[in-house]
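Everything numeric in this text was worked out from a predicted model, so none of it was measured.
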Amino acid sequence: MLERMRAPQRTGQHGDTAFALQLMLEAGVGHGLGDTIRSAALRWYGDDVDYPWRYEEGPYDFHSPGLSVIGLIQRVMEAEPFDEWHRTFWPGLFEADINLVPFIEPVTCIDDSDGKLAHLHGLNLERARSLSAIAASMPVDSESRGIVWGIASQHASAGLAGVHSGDYAGEHWLATFATRLLLGADAAD
């Protein structure tokens, strides 16, 4: 199927291709499927440049489409080519006046009982996990690394607070996102 798809789905919800492929790689899919995923990921996202962060976030996103692409490509490329790709995909992250819009503030869920709005707790958790993985890949002496860690920490706190909202709309699935965050970006490796 992946070989026949012309383009990926880019959305912050269930149908997002990068998010799904990243989860499959984390789960340790078999060698043949892993190779197919790597090939598709590079075909669809390998030439992406200057990702339009201003389009994030959607009203019901539970993950960042752009951060999911970064997480996927980080898994299918070696470190050096990934660093080069990452600098062209998100140049604002590497500029002197680091640009972390739209991630500066965690999102707020205004109704935990609304199944779609509860997605926003997941968005905070996934942003925290993804940003932590990005920070971990940055040079230890980089000033940007500390800034990204700080923003990831804020999102983690906001997301974890929503895991125990008392409402089924979020509680039935948010624990899986919290577990991925708490285990770390490379827990399945």
So which atom in [X] and which in [Y] form the shortest heavy-atom distance, rounded to 0.1 Å?
X	Y	value
Asp112	Ser165	OD2-CB, 3.4 Å
Ala169	Ser113	CB-O, 3.7 Å
Trp149	Ala136	CZ2-N, 3.9 Å
Pro106	Gln154	CG-O, 3.6 Å
Leu174	Leu125	O-CD1, 3.9 Å
Leu117	Pro59	CD2-O, 4.3 Å

Phe82, CZ: over 12 other non-hydrogen atoms inside 6.0 angstrom
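Correct, the count exceeds 12.
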Residues, nucleotides or ligands: over 12 heavy atoms within 6.0 Å of His172 NE2:
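Yes, NE2 of His172 has more than 12 neighbouring heavy atoms, counting only those of other groups under 6.0 Å.
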Close side-chain approach of [X] and [Y], heavy atoms under 4.5 Å:
X	Y	value
Leu67	Ile70	yes
Trp44	Leu21	yes
Arg38	Leu25	yes
Pro102	Arg127	yes
Arg75	Glu26	yes
Gln13	Lys116	yes
Asp48	Ile73	no
Pro65	Tyr55	no

Nearest-0.5 Å distance, [atom1] of residue [X] to [atom2] of residue [Y]:
X	Y	atom1	atom2	result
Leu93	Met138	CG	CE	4.0 Å
Arg180	Gln22	CZ	CD	5.5 Å
Tyr60	Leu120	OH	CG	9.5 Å
Ser137	Asp83	OG	CG	6.5 Å
Ser68	Asp61	OG	CG	9.5 Å
Ile151	Leu131	CD1	CG	7.5 Å

Step-by-step side chain to side chain contact (heavy atoms under 4.5 Å, CB included) determination, His155 to Leu181
CA-CA 11 Å; His155 282 80; Leu181 168 65; over 6 Å; no
Step by step, would you call Asp111 with Asp167 a side chain to side chain contact (heavy atoms under 4.5 Å, CB included)?
CA-CA 10 Å; Asp111 184 355; Asp167 201 287; over 6 Å; no
If Ile, Leu, Val, Met, Phe, Trp and Tyr residues are connected whenever their side-chain heavy atoms lie under 4.5 Å apart, and connections chain through other members, are [X] and [Y] in the same group?
X	Y	result
Leu2	Tyr45	yes
Val148	Leu123	no
Ile104	Val107	no

Between Glu126 and Arg129, does any NZ, NE, NH1 or NH2 come within less than 4.0 Å of an OD or OE carboxylate oxygen?
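Answer for the salt bridge query: yes.
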Do the side chain of [X] and the main chain of [Y] share a donor and acceptor less than 3.5 angstrom apart?
X	Y	value
Ser39	Thr36	no
Gln9	Thr17	no
Tyr51	Gly66	yes

In terms of relative ring orientation, are Trp85 and Phe89 parallel, tilted or perpendicular, with 30° and 60° separating the classes?
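The rings of Trp85 and Phe89 lie parallel, inter-plane angle below 30°.
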Mind checking whether Phe177 and Phe19 have parallel, tilted or perpendicular rings, split at 30° and 60°?
tilted
Derivation and outcome, side chain to side chain contact (heavy atoms under 4.5 Å, CB included), residues His86 and Ile134:
CA-CA 10 Å; His86 193 194; Ile134 289 169; 3.7 Å; yes
Assess the residue pair Val101 and Arg54 against the criterion (side chain to side chain contact (heavy atoms under 4.5 Å, CB included)); give the C-alpha distance rounded to whole Å, side-chain angles, the decisive distance to 0.1 Å, and a yes or no.
CA-CA 7 Å; Val101 172; Arg54 66 191 175 280; over 6 Å; no
Would a line drawn from the ring center of Trp173 to the ring center of His121 be shorter than 6.0 Å?
no
